[in-house]
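See structure below.
Remember, predicted model here, so these are calculated numbers, not experimental data. All heavy atoms count here, side chains included; hydrogens, waters and symmetry mates do not. Order of the sequence lines fixes the chain letters, A, B, ..., with proteins taken first and strands second; residue numbering starts at 1 for each chain.
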There are 2 protein chains.
Amino acid sequence: MENKEPITVVIIEDDETIRTGYTYLINANKNYKVLNAYSSVEDALTHLAEDKPQVILLDIELPGIKGIDALPKIKTILPKTHIIMLTVYDSEETVFEALTKGAAGYLTKSNNTEKIIDAIQEVVDGGAPMSTNIAKIVIRSFHKNQNSPLTKRETEILEQVANGKSRSKIAKQMFIDLETVKSHIKNIYVKLNVHSREDAIKEAKNNKYI
Amino acid sequence: MENKEPITVVIIEDDETIRTGYTYLINANKNYKVLNAYSSVEDALTHLAEDKPQVILLDIELPGIKGIDALPKIKTILPKTHIIMLTVYDSEETVFEALTKGAAGYLTKSNNTEKIIDAIQEVVDGGAPMSTNIAKIVIRSFHKNQNSPLTKRETEILEQVANGKSRSKIAKQMFIDLETVKSHIKNIYVKLNVHSREDAIKEAKNNKYI
DNA sequence: ACTCTATCACTCAAAAAGGGGGATTTTTGA
DNA sequence: TCAAAAATCCCCCTTTTTGAGTGATAGAGT
């Protein structure tokens with residue numbers, strides 16, 4: 001542990017107290033080194049190519065370019081850098097947007113500050129550090145509604161429809177007649193009170209039936 | 001902390017060593033109480049309605065009824081019980097299947113055994129405990145491919161297509177002509193080397209372009 | 001200058017979707 | 001065991017959509 005190269009970190013955070021606080025905290029540990037701490041994305045982008053940090057701590061609520069919009073820009077410059085999002089709010093859409101854009105971790109600032117070191121180590125090790133409230137949001141997004149009005153077969157078929165399959169393809173694939181598929185879809189539409197594929201998919205996804 | 005009712009737990013695990021080990025470990029803490037520890041789902045199902053545990057530790061690799069298939073059955077009997085999956089393997093499909101079926105947490109057994117208590121407390125508090133390797137799988141499932149051959153506009157349109165929308169609906173919604181949508185879709189098909197909506201959606205999802 | 005992107009145009013045949021009326025068999029729960 | 005629910009199949013019909021071919025044009029970015 002002694003003579004290993006420290007893990008390099010860059011912080012992008014507009015609140016000076018938090019910024020210097022994290023910098024101090026991280027630098028206090030010899031295994032980690034804060035290369036630079038920027039107060040804006042604009043500022044950071046002009047220096048990141050030089051810094052080449054292994055990990056970036058990126059605030060979401062920033063003036064100017066938002067942290068979320070910075071993600072793809074940073075990824076372009078430094079594709080291998082692990083980006084950990086920092087936030088005070090845990091808005092569901094923001095969480096998912098950040099994750100789809102390649103965030104490796106997601107922490108709320110209320111988090112025990114010492115945890116930040118663990119999180120940095122974790123992303124470097126290929127992990128995905130998350131605050132418990134973020135984990136909850138992510139896991140819940142997977143949960144399906146257990147009270148679906150659709151039968152097992154109907155759900156199966158609607159899933160295929162949602163995958164863009166035509167009725168005839170579904171029929172072939174499930175080894176049933178096209179008429180059977182049509183019949184199921186008719187029943188699905190009645191149960192969901194819709195009159196089109198589009199609305200059926202929308203309704204089913206909204207209620208997590210599929 | 002002294003005079004609170006202990007959190008009640010049921011364990012379903014076929015390996016006797018692990019089963020008794022966890023039971024002992026959990027009961028050692030006065031705040032938690034293992035009501036019963038079953039070696040099979042069949043056995044558990046006949047007693048769960050009586051046990052009414054707040055938390056269930058459910059092994060995935062079980063003889064007879066698998067843990068995964070037990071999930072919906074248990075949910076029917078005890079909708080409010082938090083179920084934590086235990087596994088030695090971290091198969092991606094199994095993880096997602098368990099999560100969609102309502103698992104509240106997911107731990108690999110290699111996990112530090114003391115962590116099991118934290119996990120139990122976390123689900124009771126509404127959280128979603130996960131081992132780091134599971135968190136990694138879950139987070140990665142959100143990441144989109146940053147090297148999509150599709151343009152922004154094409155991606156937007158393909159997303160609408162994947163939501164079951166017809167070309168004319170997409171046109172109206174995006175305030176562009178139907179011919180423009182058709183043109184985009186033609187280009188999408190060429191880029192993805194497909195000849196149908198179904199294949200385009202499949203290809204795009206496989207490569208995480210959408 | 002040149003390419004990429006986004007926009008729009010017209011034609012055409014085949015496929016698919018949606019809605020209407022059924023019927024039969026299998027499964028399942030009480 | 002018996003009725004209900006689910007899954008299967010069979011016609012009718014019209015309208016809409018899809019996919020493919022073969023273009024053009026204007027603007028942005030390199």
Rounded distance (Å) that lies between atom P of C/dA17 and atom OH of A/Tyr189: 8 Å
Of A/Lys182 and A/Ser168, the one whose closest DNA chain C nucleotide lies more 5': A/Ser168
Base partner of C/dA30, which must satisfy Watson-Crick or wobble distances under 3.5 Å: D/dT1
Under 4.0 Å between a side-chain N/O of B/Arg153 and OP1 or OP2 of C/dT7, yes or no? yes
Between B/Glu13 and B/Arg19 (side chain of the first, backbone of the second, donor and acceptor by atom type, cut-off under 3.5 Å), is there such a pair? no
Value in whole Å for how far the C1' atom of C/dT5 lies from CD1 of B/Ile188: 13 Å
Between P on C/dA16 and CD on B/Glu198, what's the gap in Å once rounded to a whole number? 10 Å
Please report the distance, rounded to the nearest Å, between CD in A/Gln160 and P in C/dA16. 15 Å
Rounded to the nearest Å, what distance is computed from the NZ atom of residue B/Lys172 to the P atom of nucleotide C/dC8? 15 Å
Categorize B/Arg167 for me: base, sugar-phosphate, or nothing, with a 4.0 angstrom heavy-atom threshold over every strand shown. base
From the 5' end of DNA chain D to its 3' end, which nucleotides mark the outer limits of contact with chain A, defined by a 4.0 Å heavy-atom distance cut-off (strictly under)? D/dA6 to D/dT18
Between A/Lys186 and A/Lys165, who's closer to the 5' end of DNA chain C by nearest nucleotide? A/Lys165
Looking at A/Lys165 and A/Glu156, is there a salt bridge between them, counting it only when a charged N and a carboxylate O are closer than 4.0 Å? no
What integer distance in Å separates B/Asn187:CG from C/dC8:P? 14 Å
Counting any heavy atom closer than 4.0 Å, what does B/Thr180 reach on the DNA or RNA strands: base, sugar-phosphate only, or nothing? base
Starting from C1' on C/dT24, measure out to CD1 on A/Ile176 and report it in whole angstrom. 16 Å
For B/Asp118, is there an ion pair with B/Lys115 - N to carboxylate O distance below 4.0 angstrom? no
B/Asn206 atom CG, neighbour heavy-atom count above 12 within 6.0 Å: yes
Which residues pass the salt bridge (charged side-chain N to carboxylate O under 4.0 Å, His left out) test with A/Lys208, not counting sequence neighbours? none
Map A/Lys191 and A/Phe175 onto DNA chain D by nearest heavy atom, then report which one ends up closer to the 5' terminus. A/Lys191
For atom CE of B/Met174 and atom C1' of C/dC8, their distance in whole Å: 15 Å
Pick base, sugar-phosphate or nothing for B/His195, based on heavy-atom distances below 4.0 Å to the nucleic acid. sugar-phosphate
Check: A/Asn36 side chain, A/Val10 main-chain N or O, donor-acceptor pair, under 3.5 Å: no
Considering only NZ, NE, NH1 and NH2 on the basic side and carboxylate oxygens on the acidic side, decide whether B/Lys144 and B/Glu159 come within less than 4.0 Å. yes
Ignoring the backbone of B/Glu179, work out which of C/dA9, C/dG18, C/dT7 is nearest its side chain. C/dA9
Among C/dG22, C/dC8, C/dG18, which nucleotide sits nearest the side chain of A/Ser183? C/dG22
Assign the ring pair A/Phe142 / B/Phe142 to parallel, tilted or perpendicular, where the plane angle (0 to 90°) is split at 30° and 60°. perpendicular
